[in-house]
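Only one structure is covered here, and it is reproduced in the block below.
Labels below follow one simple rule: chain letters A, B, ... track the order of the sequence lines, proteins then strands, and each chain is numbered from 1.
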Protein chains: 2
Amino acid sequence: MNELDSVRPIRWSREGLFLLDQRLLPGRCVELQCTSAADVATAIRDMVVRGAPAIGIAAAFGVVLAVRSRYRENPDNWRNSIAVDVELLAASRPTAVNLFWALKRMAALTVTEGEDPVPRFEAEAKAIHNEDIAANHRMGELGAALISEPCNMLTHCNAGALATGGYGTALGVIRSAFATGKLQQIYADETRPWLQGARLTAWELAEDGIPTRLIADGAAAYLMQCGMIRWVVVGSDRIAANGDVANKIGTYGLAVNAHHHGVGFMVVAPTSTIDMSIVSGAEIPIEERTTDELLNFQGVSIAPKEGTAWNPVFDVTPAALVDVLVTERGVVHTPDREKLSNLMAHTR
Amino acid sequence: MNELDSVRPIRWSREGLFLLDQRLLPGRCVELQCTSAADVATAIRDMVVRGAPAIGIAAAFGVVLAVRSRYRENPDNWRNSIAVDVELLAASRPTAVNLFWALKRMAALTVTEGEDPVPRFEAEAKAIHNEDIAANHRMGELGAALISEPCNMLTHCNAGALATGGYGTALGVIRSAFATGKLQQIYADETRPWLQGARLTAWELAEDGIPTRLIADGAAAYLMQCGMIRWVVVGSDRIAANGDVANKIGTYGLAVNAHHHGVGFMVVAPTSTIDMSIVSGAEIPIEERTTDELLNFQGVSIAPKEGTAWNPVFDVTPAALVDVLVTERGVVHTPDREKLSNLMAHTR
């Protein structure tokens, strides 16, 4: 762990899974303890933990908690019993595919008849966590290498240490770019309604001493028009087989503007985010969250009482607007079906 | 005043100028009394009253208050004395040209030697106010006539009754479209950081019973991608001689997206917003406001304490992205230097 990698949102111990409560940042740094799969599912649903890779890791540890509990209850039937826990975890959020990828990987574990399954599941969840951090460092290197000279970059939402096992996807590239002198200034969209940019990205980059300037989401296009941005760098919650990218609401409008201004658009995501089972982004379920996120702020009403709102929290950027996709297996320029198919055909 | 025109932000009486305090909406409807030009300048600077035409009207009444006070002080030298008040008003905000237009019109008033100037100035300020309301009704008709069939529209910021003498520019078109069955649903960008869309647009349209749905600024492009929007309708703070349009930060990114999606982009502004003295939008001063608007919300910190931000509150949309400009003198399709020159050459 280098000095630009100080934030960890997920901690596993004998007492259970500890999640840095991202609802309370940046004002308070408090860990929430989860001792059951149901605790983890609730934490994911309520966005104690968020970000596609981090959701996957948390869910994997949720399965460990389920196995531990079910095996204690009934050592002969734990495998059947955990099905309901896995379903609960799977129902926590719909868009990020890393959740389903992690659950599938955990569910596929085989254990010798009569053997205590807990160590095996625990080791697998830890492996998912550690592999994610390693993937982020690798993507950081690969992404930073694409940046030819010191420049300003823009990011949206939080695809950082807080959204992953650590180091981050988009912010992993930002960290690596900063470490190698390629980053002059990172601009962070505040990312309404949940303010991931203001509350999380600005916070975790400040923790690592990376110069960050917060802007309103609406200022991003003006920033590009002023020639102040060379790259937009974002994460993803799910990438379809054709390269369409689901990410936090607002990403698509940024991609259109990046294209209009000749600004590079880089998506950084581990291959666990790529969903080869769907042919295009049209098949990605787009979560809509409570309109309360728009109508109220920390209990204060910011819209008329009779107000109605629409709160889709993801959008889909067509592959045609993506200049480069950075994964831990390599870089894909102008991603399409064939290139992703080749990428995913590599053995791990 | 028809039933879709119930909101008035500016009220003049013998006791002074009463401004509906827009900082407190939608939670509280409170009028702030201004009894001096300095009061009015402060109210404009602090956004008690905002919106280009409303700023112009308020400033005109500010001059009336100055004349009243200075004439009482010294009936022989009031004309020289008000210069400092006019300067104070002119320094309140930089971008909206209606402010300077109104001050110039007021300063140009001639009064017979020895005559009490107050009635003449008061009548002129009232005329500016009433002309603005009439212009908005006319623009409402002209703009609504451009909408060929019932559809959904999107607006940004607040170019409504609250931003004008009454009825609104962009929201005047929305009101007229609603009255004539052309509006199915209006979507309102919440418009960070000041939340004019959430706090003002959603409120004033609710007051008039117009169906409004609030969205995060970042959701606008997705809405267009889903085919849910036919027209983007916005106001303006200053239009250059070549048709470049300054408006609330975020407008430019919307215009790029509207163009990308084949969605109509309509700007609605009285001719007092057109500044023929500047050749292009590059000459329009873009106000930057306190970063506190991004770093805090109602006294609650929403970003790390060491956080820095950039808060430009306007941007400039090139004329090439404007499909139609609606003014009280008529409609200009794909505005350019020649068309605006012809429009402004008409006598009032």
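Of the atoms belonging to B:Leu200, not a single heavy atom falls under 4.5 Å from chain A. Of the atoms belonging to B:Asn257, heavy atoms from both backbone and side chain fall under 4.5 Å from chain A. Using a 4.5 Å cut-off between heavy atoms, A:Pro26 contacts chain B through its side chain alone, with no backbone atom that close. The part of A:Leu195 that comes within reach of chain B is its side chain, from C-beta onward, which places non-hydrogen atoms under 4.5 angstrom from that chain. Heavy atoms of B:His261 lying under 4.5 Å from chain A belong exclusively to its side chain. B:Ile302 touches chain A through backbone and side chain together, each having a heavy atom under 4.5 Å away.
For the set B:Leu205, B:Ile286, B:Val313, the entry with the most heavy-atom pairs within less than 4.5 Å of chain A is B:Ile286. In terms of heavy-atom pairs under 4.5 angstrom with chain B, the leader among A:Leu25, A:Leu295, A:Leu223 is A:Leu223. Comparing A:Ala216, A:Gly27, A:Pro193, A:Gly197 by heavy-atom pairs within less than 4.5 Å of chain B, the highest count is held by A:Ala216. The most heavy-atom pairs under 4.5 Å with chain B, out of A:Ala221, A:Ala188, A:Ala309, A:Gly250, come from A:Ala309. Ranked by heavy-atom pairs shorter than 4.5 Å toward chain B, the options A:Met224, A:Arg199, A:Glu190 are led by A:Glu190. When each of A:Val316, A:Leu254, A:Leu214 is checked for heavy-atom pairs under 4.5 Å with chain B, A:Leu214 comes out on top. When each of B:Cys226, B:Gly253, B:Pro211 is checked for heavy-atom pairs under 4.5 Å with chain A, B:Gly253 comes out on top. Considering only heavy-atom pairs separated by less than 4.5 Å from chain B, the leading option among A:Thr191, A:Asn311, A:Ile249, A:Asp315 is A:Ile249.
With values rounded to the nearest 0.5 angstrom, A:His260 atom NE2 is found 7.0 Å from B:His259 atom NE2.
Shown here for A:Pro312 and B:Ala219, the closest heavy-atom pair between the two residues is CG-CB, 4.3 Å.
Within the 4.5 Å cutoff, the side chain of A:Asp217 has no heavy atoms near those of the B:Arg192 side chain.
B:Gln225 places no side-chain N or O within donor-acceptor distance of the main-chain N or O of A:Thr317, the cut-off being under 3.5 Å. Judged by distance alone, with hydrogens and angles left aside, the side-chain atoms of B:Thr308 form a donor-acceptor pair with the main-chain N or O of A:Thr212 at under 3.5 Å.
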**OP:** Output, in order, the C-alpha distance, side-chain angles, deciding distance and verdict of side chain to side chain contact (heavy atoms under 4.5 Å, CB included) for B:Trp310 and A:Met228.
**Re:** CA-CA 12 Å; B:Trp310 183 54; A:Met228 288 163 73; 4.3 Å; yes
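For A:Tyr252 and B:Tyr222, the gap between ring centers reaches or exceeds 6.0 Å.
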